[in-house]
Colleague: 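Below are the structure tokens for one structure; questions will follow.
These numbers come from the heavy atoms of this one structure, side chains and all, not from hydrogens, waters or symmetry mates.
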Amino acid sequence: KQQPNFAPTGLLAREANTVAVPGPGAAPVVLRYHEPPDARRPPASADWRLFAFKDGGGGGGGGGDDADEDAADPRDVVALGARSCWLVGREAAVADLKVAHPSCSKQHAVVQFRHRPAGAGARGSGVVRPYLIDLESANGTWLNGERVEAGRYVELMNGDVVRFGLSRREYVVMLAPREVGRKD
């Protein structure tokens, strides 16, 4: 007699992580990413931002392989503190940060804020930090010129430079300076 198999199949998670796409005959999109249990929005005092630059900082230079992308204005800024998770990709129905380059996957990478407990002897309950994870994209995600290992979280630091796929557009992660005289 065959024994029952109670191992998880992933079908419930896939069903719960499906986004309906409006329009006649549009197939639903299955999200490739699930937020971890330690996902948190960063506190208002941690004003993380993502600045977009083309051609390695400033938008100058020829079109090259990014001729299909609009030139990034140095004023293109994403306030990352608005949510705990940012899905990066070409698929407009689900991507929070849309990229147009053809070498980028539909669901390419995620910027995820995660709560880290305070160390021994530290005051407070911990800190919320940004992390980057590549969703096993074909052309990779690059952090400070090095390819990020797919499926592994990498902590983002102030001033880090991120690139998606073969695009020359760079995203600089910055923590806004605190106001002078402000007490937090």
Colleague: Are Val127 and Phe113 connected, step by step, through hydrophobic side chains (Ile, Leu, Val, Met, Phe, Trp, Tyr) whose heavy atoms are closer than 4.5 Å?
Modeller: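 Unlinked, Val127 and Phe113 end up in two clusters.
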Colleague: I'd like to check Leu87 versus Gln107 (side-chain heavy atoms, cut-off strictly below 4.5 Å). Are they in contact?
Modeller: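 They are in side-chain contact.
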Colleague: In chain order, what residues pass the salt bridge (charged side-chain N to carboxylate O under 4.0 Å, His left out) check against Arg40, with sequence neighbours excluded?
Modeller: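 Arg40 satisfies salt bridge (charged side-chain N to carboxylate O under 4.0 Å, His left out) with no residue once adjacent residues are dropped.
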Colleague: Which heavy atom in Cys85 sits nearest to a heavy atom in Val110, and how many Å separate them?
Modeller: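 What the structure gives for the nearest pair is SG-CG1, 3.7 Å.
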Colleague: Starting from Val172, can I reach Val77 by hopping between I/L/V/M/F/W/Y residues whose side chains sit under 4.5 Å apart?
Modeller: yes
Colleague: List in chain and number order the residues that pass side-chain contact (heavy atoms from CB on, under 4.5 Å) with Pro117, two or more places apart in sequence or in another chain; answer none if no residue qualifies.
Modeller: none
Colleague: Nearest heavy-atom pair of Leu132 and Ala109: which atoms, and what distance?
Modeller: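 For Leu132 and Ala109, the tightest heavy-atom pair comes out as CD1-CB, 4.4 Å.
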Colleague: Tell me whether Leu156 shares a hydrophobic cluster with Val88, the cluster being built from Ile, Leu, Val, Met, Phe, Trp, Tyr side chains joined at under 4.5 Å.
Modeller: yes
Colleague: Which atom pair, heavy atoms only, marks the closest approach of His115 to Gly126?
Modeller: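 Looking at all heavy atoms of both residues, the shortest contact is NE2-CA, 3.8 Å.
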Colleague: What closest approach, in Å, do Ser167 and Ser103 show between heavy atoms, and which atom pair accounts for it?
Modeller: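 So the two residues come closest at N-OG, 3.8 Å.
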Colleague: Please report the C-alpha distance between Val162 and Glu170 in whole Å, then the side-chain angles of each, then the deciding distance to 0.1 Å, and finally whether the side-chain contact (heavy atoms from CB on, under 4.5 Å) criterion is met.
Modeller: CA-CA 6 Å; Val162 180; Glu170 293 182 339; over 6 Å; no
Colleague: According to side-chain contact (heavy atoms from CB on, under 4.5 Å), who are the partners of Arg114, at least two apart in sequence or on a separate chain?
Modeller: Pro36, Asp38, Gln112, Arg116, Tyr131, Tyr153
Colleague: Please identify each residue that fulfils side-chain contact (heavy atoms from CB on, under 4.5 Å) with Ser137, with sequence neighbours left out.
Modeller: Ser105, His108, Asp134, Thr141
Colleague: In residues 143-150, what donor-acceptor pairs under 3.5 Å come from side-chain atoms, sequence neighbours left out?
Modeller:
from: Asn144; atom 1: OD1; to: Val161; atom 2: N; distance (Å): 2.8
from: Asn144; atom 1: ND2; to: Asp160; atom 2: OD1; distance (Å): 2.9

Colleague: Is any side-chain heavy atom of Glu136 less than 4.5 Å from a side-chain heavy atom of Arg32?
Modeller: yes
Colleague: Centroid separation under 6.0 Å, is that true for the rings of Phe53 and Tyr171?
Modeller: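 For Tyr171 and Phe53, the ring centres are not under 6.0 Å apart.
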Colleague: Identify whether Val111 and Val154 are in the same connected component of the hydrophobic contact network (ILVMFWY, side-chain heavy atoms under 4.5 Å).
Modeller: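 Same cluster.
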Colleague: Taking only residues two or more places apart in sequence, or in another chain, which ones meet Arg41 in a side-chain hydrogen bond (donor to acceptor under 3.5 Å, both in side chains)?
Modeller: none
Colleague: My understanding is that only residues two or more places apart in sequence, or in another chain, count here; which of them pass salt bridge (charged side-chain N to carboxylate O under 4.0 Å, His left out) with Glu155?
Modeller: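 Checked Glu155 against salt bridge (charged side-chain N to carboxylate O under 4.0 Å, His left out); matches are Arg129.
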Colleague: Are Val78 and Phe164 grouped together when hydrophobic residues (ILVMFWY) are joined by side-chain heavy atoms under 4.5 angstrom apart?
Modeller: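 Yes; tracing contacts between hydrophobic side chains, which count when under 4.5 Å, links both residues.
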Colleague: Among pairs that include at least one residue of residues 84-93, which meet side-chain hydrogen bond (donor to acceptor under 3.5 Å, both in side chains), considering only residues two or more places apart or in two chains?
Modeller: Glu35-Ser84
Colleague: Using 0.5 Å steps for rounding, measure from the CH2 atom of Trp48 to the CE atom of Met174.
Modeller: 9.5 Å
Colleague: For the residue pair Val173 and Leu50, what are the closest heavy atoms and their distance?
Modeller: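 That would be CG2-CD1, 3.7 Å.
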Colleague: Does the side chain of Arg83 come within less than 4.5 Å of Asp96's, by heavy atoms?
Modeller: yes
